[in-house]
Amino acid sequence: MSRLITAAAAQLGPIQRAEPRSSAVGRMVRLLERAHRRGVELVVFPELALTTFFPRHYHEDISHADKWFETAMPSAETAPLFDAARRYGIGFHLGYAEMAQEADETGAVRNRRFNTSVLVGPEGDVLLKYRKMHLPGHAEYDTRRKVQHLEKRYFEVGNLGFPVIRAPMGGLDGINMGMLICNDRRWPEAWRVLGLQSVELVALGYNTPSLNMEAGGFEAHHLRVFHSHLSIQAGCYQNSCFAVATAKAGIEDGNELFGHSIIVNPQGEIIAMAGSWDDELIAADCELDMCMLGRTTVFAFDRHRRPEAYGRITGQVGAVEPEVWQKSAPR
Ligand code: CDT
């Protein structure tokens, strides 16, 4: 029996620093209208989709960055998105900066800031929330960098793990869906935790500069897109799932984000790709039954995984040096 969902990546062109949320939300509503006309059932918007990618801007006093954060989802400003989705019966994924009044590990309730995404069902319900685990960049102003990347300053590491939910979407009674946010896509551990929950479709938003600004060595321009696609294609193949990976693209606040949003199938093939640096909708029919081949053969986890040998994956963070071979030592 066929389990088909038509999914789309709704790439956004740049959102400049002065552009208000109402304008970004208007652009997204127009993309939802286009999605509806094309028979799309699930739309994936990028990471931090409501504003410019503000971690490139330094605020000495972190509270001055509060204007970039949402304290509620939905809110008065994001309600038009939820209304449009309900009107068209389309589910969507949205990335945003979240400010939550929440207890920390010590039990103290305080303002906590996360790089968050939600998956919203066709009736406007929030089905699942995820908070980014792998925060790239740095916490303090870095004089060596041409452009700052202050995610470690503005966000706490996510505290929701890598959840997967089975929920109705489009014409299907249930799809197993999970989320990753931008830098997470480069970490195979993140994909595997989703794979171990039988994820069928991963929604993933990103904001990635076209140039490596870390001044740590030369990286050819074209390799930035290659590494992004390589990571997503490998994640899908090795975990037998689809991914809808959506960029914010173009020259934002004077900095280039590379775009190249893609939809990938469980064979690791790109089945749709954006060609612009603008607001652009790319759609693909995703036959979820395709997930079964990998899952029952090469990547039948229950038969082939060897967790007893994977202790280092969770037992250590940085790499250690290996033992040095000596000619006389028995092997
Ligand atoms: N947003 C985000 O996570 N971007 C990173 C840029 C890495 S450079 C600090 C990424 O992995 O695409």
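Counting starts at 1 for both ligands and their atoms, following the listed order. If you're wondering where the values come from, they're calculated on a predicted model, not measured in any experiment.
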Practice task
Starting from atom 10 (C) of ligand 1, find the nearest protein heavy-atom neighbour and note its residue, name and distance.
Solution key: Arg186 NH2, 3.4 Å
Handout entry: salt_bridge(Asp104, Arg112) N-O dist < 4.0 Å
Key = no
Fill in the blank from the handout: Here the gap from Lys132 atom NZ to Glu98 atom CD, rounded to the nearest 0.5 Å, amounts to 14.5 Å
Practice task
Quick one: sort the Phe54 and Trp68 rings into parallel, tilted or perpendicular, breaks at 30° and 60°.
Solution key: parallel
Exercise for the section: Run the numbers for me: atoms of ligand 1, each under 4.0 Å from some heavy atom of Phe53, listed by number. Expected result: 1 (N)
Practice task
Taking the six-membered ring for Trp and the full ring for Phe, Tyr or His, determine whether the centres of His149 and Phe53 are under 6.0 Å apart.
Solution key: yes
Practice task
Answer yes when Arg312 and Glu189 have at least one side-chain N-carboxylate O distance shorter than 4.0 Å, and no when they do not.
Solution key: no
Handout entry: Atom indices of ligand 1 within 4.0 angstrom of Pro136 heavy atoms, with elements
Key = 2 (C), 3 (O), 5 (C), 9 (C)
Handout entry: ligand 1 atoms in contact with Glu47 (distance to a heavy atom under 4.0 Å)
Key = 1 (N)
Handout entry: Proximal candidate to atom 3 (O) of ligand 1 [heavy atom criterion; set Lys248, Arg56, Lys132]
Key = Lys132
Practice task
Could you tell me the separation between the CD atom of Glu60 and the CD atom of Glu140, rounded to the nearest 0.5 Å?
Solution key: 9.5 Å
Problem - Straight-line distance of His64 NE2 to Tyr58 OH, nearest 0.5 Å - result: 11.5 Å
Exercise for the section: Could you tell me whether Glu323 atom CD has more than 12 heavy atoms of other residues or ligands within 6.0 Å of it? Expected result: no
Problem - Close N or O approach (Thr208, ligand 1; < 3.5 Å) - result: yes
Exercise for the section: Answer with side chain, backbone, both or neither: which part of Met213 has a heavy atom less than 4.0 angstrom from an atom of ligand 1? Expected result: neither
Problem - Identity and distance of the protein heavy atom lying nearest atom 6 (C) of ligand 1 - result: His149 CE1, 3.7 Å
Exercise for the section: Could you see which bit of His134 sits under 4.0 Å from ligand 1, with heavy atoms only: side chain, backbone, both or neither? Expected result: neither
Fill in the blank from the handout: Within 4.0 Å of some non-hydrogen atom of Cys182, the atoms of ligand 1 are 1 (N), 2 (C), 3 (O), 4 (N), 5 (C), 10 (C), 12 (O)
Handout entry: Residue part near ligand 1, for Tyr206, under 4.0 Å between non-hydrogen atoms
Key = neither
Practice task
Give a yes/no verdict on a cation-pi contact between Arg224 and Phe258, requiring under 6.0 Å between NZ or CZ and the six-membered ring centre and an angle within 45° of the axis.
Solution key: no
Practice task
Output the list of atoms in ligand 1 that are nearer than 4.0 Å to some heavy atom of Asn207, sorted by atom number.
Solution key: 1 (N), 2 (C), 4 (N)
Completion exercise
Counting from 1 in the order shown, the ligand 1 atoms closer than 4.0 Å to a non-hydrogen atom of Glu151 are 1 (N), 2 (C), 3 (O)
Practice task
Answer yes or no for Arg185: is there a heavy-atom contact with ligand 1 below 4.0 Å?
Solution key: yes
